[in-house]
Amino acid sequence: MTIEQAITKLRNAAELISEAVNELSALLQSPETVVQSAPTDESPTSALEANKAPTTEAKPATPNLSFEDVRGILADIARAGNREGVKSLLEKYGASKLSALDPKCYADILKDAEVLRNA
């Protein structure tokens with residue numbers, strides 16, 4: 001393994017760690033987590049019903065895309081010679097790098113990336 005390959009692997013690992021930190025922070029800040037972790041005087045049945053409530057929410061129509069899915073597709077496009085296009089897409093969605101991209105934007109950025117792929 002060359003130094004450049006090792007540096008690339010370390011950068012990828014750092015991005016994954018950063019993404020994990022962001023996801024954990026979001027979980028800690030979500031009201032759902034606060035409700036589940038707060039002590040209550042409710043009966044066990046009420047607590048169980050409260051914990052079931054989030055699972056009854058409607059599921060999104062778009063598939064659940066992971067950071068790795070998006071990274072792989074955008075990396076393929078960048079390697080194919082459209083690095084600047086990928087960079088401008090990230091900026092369009094308010095991110096300077098992929099790890100800063102809001103996971104809610106994954107499906108939208110991939111739709112826009114298809115245009116770059118087909119260009």
Exercise for review: Answer with yes or no whether the hydrophobic clustering places Leu16 together with Leu74; edges join I, L, V, M, F, W, Y residues whose side-chain heavy atoms lie under 4.5 Å apart.
Suggested key: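 Same hydrophobic cluster.
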
Set of residues satisfying side-chain hydrogen bond (donor to acceptor under 3.5 Å, both in side chains) with respect to [X], sequence neighbours excluded:
X	answer
Lys87	none
Asp76	Arg79
Asp69	Ser66

**Q.** Asn82 side chain vs Gly85 backbone, donor-acceptor pair below 3.5 Å
**A.**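 Yes, Asn82 side chain to Gly85 backbone: donor-acceptor pair under 3.5 Å.
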
*So does Glu114 pair up with Arg117, basic N to acidic O under 4.0 Å?*
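Result for this pair is yes, salt bridge flagged.
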
For the student: nearest non-hydrogen atoms of [X] and [Y], plus distance:
X	Y	value
Ala113	Ile77	O-CD1, 3.4 Å
Leu65	Tyr106	O-CD1, 3.4 Å
Ala100	Ala95	C-CB, 3.8 Å

What is the distance from atom [atom1] of [X] to atom [atom2] of [Y], rounded to the nearest 0.5 Å?
X	Y	atom1	atom2	answer
Ile73	Leu110	CD1	CG	4.5 Å
Leu10	Ile3	CG	CD1	11.5 Å
Glu68	Glu15	CD	CD	10.5 Å
Arg71	Lys97	CZ	NZ	13.0 Å
Ile7	Met1	CD1	CE	11.5 Å
Arg83	Ser88	CZ	OG	12.5 Å

Practice prompt. Check step by step if side-chain contact (heavy atoms from CB on, under 4.5 Å) holds for Tyr93 and Asp108.
Written response: CA-CA 9 Å; Tyr93 288 94; Asp108 293 331; 3.5 Å; yes

Exercise. Stepwise, does the side-chain contact (heavy atoms from CB on, under 4.5 Å) test hold for Leu101 with Phe67?
Worked result: CA-CA 9 Å; Leu101 182 67; Phe67 174 81; over 6 Å; no

